[in-house]
There are 2 protein chains.
Amino acid sequence: MQIAFLIYEGLTALDIIGPYEVLSQIPGADIRFVAKRSGPIVVDSGAFSIGTEHKLADVPRPDVFVIPGGIAGTFAAAKDPEILDWVREAHAHSRYSTSVCTGSLILGAAGLLKDANATTHWAAKTLLEQTGATYTEERIVVAGKIITAAGVSAGIDMALYLTAELVGPDLAKLAQLSIEYDPAPPFDAGSPAKAGDAIVQRALEEFAKEL
Amino acid sequence: MQIAFLIYEGLTALDIIGPYEVLSQIPGADIRFVAKRSGPIVVDSGAFSIGTEHKLADVPRPDVFVIPGGIAGTFAAAKDPEILDWVREAHAHSRYSTSVCTGSLILGAAGLLKDANATTHWAAKTLLEQTGATYTEERIVVAGKIITAAGVSAGIDMALYLTAELVGPDLAKLAQLSIEYDPAPPFDAGSPAKAGDAIVQRALEEFAKEL
């Protein structure tokens, strides 16, 4: 089973590393980080790069693919014909086509979310709707073979769900135990409803700065 | 505030990317991925590399540092004098010295956990005790300025705790909301107590294969 993780300049690293750390535990999984070019690709913060040898053209028809989000980098990727062509071709043959966070904007830009239920980072719902998708406020949204996850860390939950779909719940639980995913955040501020108005307002201001 | 993330061959990527995605949101944080050499460093699965320009010698005294785990790679790092010297020097001047998963074995190998409470991946507790630490079954263990987190995903919780210690709870909540960390795993199998004996046994067998 070939599982491709799309890498592009300016991606949010946890969007892709969360699902990777789960899905790479599937026995026999052929994990491919794919990018327009081989070599280092700088993440959104600029602090480091992710390197891969696999170009898009080398992995045209993965069984499963995962598209991460970001902000400026995602907007650029969502306008890149080479990336969009790859996404469409991969989706035409995939078993599951997935995204994390604003990665769904790239699925949308490829024309794959018209009238489909989908999710994204909570602060990007209007942007998602502009692609024709029906924004759905859930952590994971399954629409046929397209699975979209909410912001950043939701990719871990999505990957556990997907692992169970692909190889059954026992291997999903094994992956969960292996990464000791028994979350215990010291605060309960992970969604707009829980974080409170002041924190939400501040987050929206930060988000707006990067648009 | 300079925050260093130790990168070495064979690390588990989520151990470092989870905390990074939280701590990099601290306003003005100077984020440095540091390694023995600049250039790409391959992660434990071999699927991709993490690239950085910062060598250990360039970042000798970060305010905070995070050490990730792995398996074979961690054992090698825990015997590497250059890495251990860096850890000891950094710890001598740090505000917080932290680890995720089996990263605590490196703190231990550097002699920093003698008679200290600490944690690690649940399957590595005996290895941790061999360094002189007192294994403590908690998701985050604070012992003075040393903070150790349990397996892999626990680094996210640790980083939120640490953010609150460094810059207050509001900025920690803002970071949590930004990565939409409102966990909803589809299974409740993230700890040995919850996963059930059969899954735990299988996880231990997988772990033993890599030792």
Side-chain angles (χ1 to χ4, degrees), chain A residues 5 7 12-14 17-18 20-21 24-25 31-33 40 45 47-52 101 121-123 139-140 150-154 156-157 160-161 164 169-170 172-174 176-192 194-196 198-200 202-203 206-207, chain B residues 5 7 12-14 17-18 20-21 24-25 31-33 40 45 47-52 101 121-123 139-140 150-154 156-157 160-161 164 169-170 172-174 176-192 194-196 198-200 202-203 206-207:
Chain A
F5 297 81
I7 304 300
T12 296
L14 185 53
I17 301 301
Y20 147 79
E21 210 67 78
S24 62
Q25 293 186 58
I31 300 295
R32 304 284 180 104
F33 276 45
S45 71
F48 66 97
S49 60
I50 294 177
T52 177
C101 198
H121 190 282
W122 62 269
R139 195 148 174 89
I140 306 169
V152 193
S153 64
I156 300 173
D157 297 326
L160 289 168
Y161 170 88
D170 278 2
K173 291 177 188 173
L174 185 63
Q176 183 178 1
L177 179 60
S178 167
I179 63 164
E180 209 162 341
Y181 186 49
D182 186 24
F187 305 99
D188 191 13
S191 75
K194 294 172 176 175
I199 304 282
V200 170
R202 203 155 158 185
E206 295 294 324
F207 188 73
Chain B
F5 297 81
I7 304 299
T12 297
L14 185 53
I17 300 301
Y20 147 78
E21 210 69 76
S24 62
Q25 294 186 57
I31 300 296
R32 304 283 181 106
F33 277 47
S45 72
F48 67 96
S49 60
I50 294 176
T52 177
C101 198
H121 189 282
W122 62 269
R139 195 147 174 89
I140 306 169
V152 192
S153 64
I156 301 173
D157 297 326
L160 289 168
Y161 171 87
D170 278 1
K173 290 177 189 173
L174 185 62
Q176 184 178 1
L177 180 61
S178 166
I179 63 164
E180 209 164 337
Y181 186 49
D182 186 24
F187 305 100
D188 190 14
S191 75
K194 294 173 176 175
I199 304 282
V200 170
R202 205 156 157 185
E206 294 295 323
F207 189 73

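Chain A is the first sequence line, chain B the second, and so forth, proteins listed ahead of strands; every chain is numbered from 1. What you see is a predicted model, and the numbers here were worked out from it, not measured in a lab.
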Answer with side chain, backbone, both or neither: which region of [X] has an atom nearer than 4.5 Å to a non-hydrogen atom of chain A?
{"X": "B:Ala195", "value": "side chain"}
{"X": "B:Arg139", "value": "side chain"}
{"X": "B:Ser24", "value": "neither"}

- Is A:Lys194 salt-bridged to B:Asp182, cutoff N-O under 4.0 Å?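 Yes, charged N to carboxylate O under 4.0 Å.
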
For each of [options], tally heavy-atom pairs with chain B at distances under 4.5 Å, and name the one with the top tally.
{"options": "A:Leu177, A:Leu174, A:Ile179, A:Ile17", "value": "A:Leu177"}
{"options": "A:Gly151, A:Ala123, A:Pro40", "value": "A:Gly151"}
{"options": "A:Tyr161, A:Phe207, A:Tyr181", "value": "A:Tyr181"}
{"options": "A:Asp188, A:Ile140, A:Ile7, A:Ile156", "value": "A:Asp188"}

- Mind checking ring pair (Phe, Tyr, Trp, His ring centres under 6.0 Å) for A:Phe33 and listing every partner two or more places apart, or none if nothing turns up? A:Phe5, A:Tyr20, B:Phe48

- Query: What pair of heavy atoms forms the shortest contact from B:Ile199 to A:Asp170, and how long is it?
  - Reply: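 Answer, listing the atom of B:Ile199 first, then A:Asp170: CD1-O, 3.6 Å.
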
- Query: Which pair of non-hydrogen atoms, one from A:Pro186 and one from B:Asp157, has the smallest distance, and what is that distance?
  - Reply: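 Residues A:Pro186 and B:Asp157, closest heavy atoms: CD-O, 3.8 Å.
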
- Task: Could you have a look at B:Ala13, B:Ala184, B:Ala198 and say which one has the most heavy-atom pairs with chain A under 4.5 angstrom?
- Result: B:Ala184

- Could you have a look at B:Ile50, B:Ile31, B:Thr52 and say which one has the most heavy-atom pairs with chain A under 4.5 angstrom? B:Ile50

Determine whether a donor-acceptor pair (N or O, by modelled atom type, separation under 3.5 Å) exists between the side chain of [X] and the backbone of [Y].
{"X": "B:Gln176", "Y": "A:Phe187", "answer": "yes"}
{"X": "A:His121", "Y": "B:Ser178", "answer": "yes"}
{"X": "A:Glu21", "Y": "B:Leu14", "answer": "yes"}

- Can you check whether A:Glu180 reaches B:Val152 side chain to side chain, under 4.5 Å on heavy atoms? no

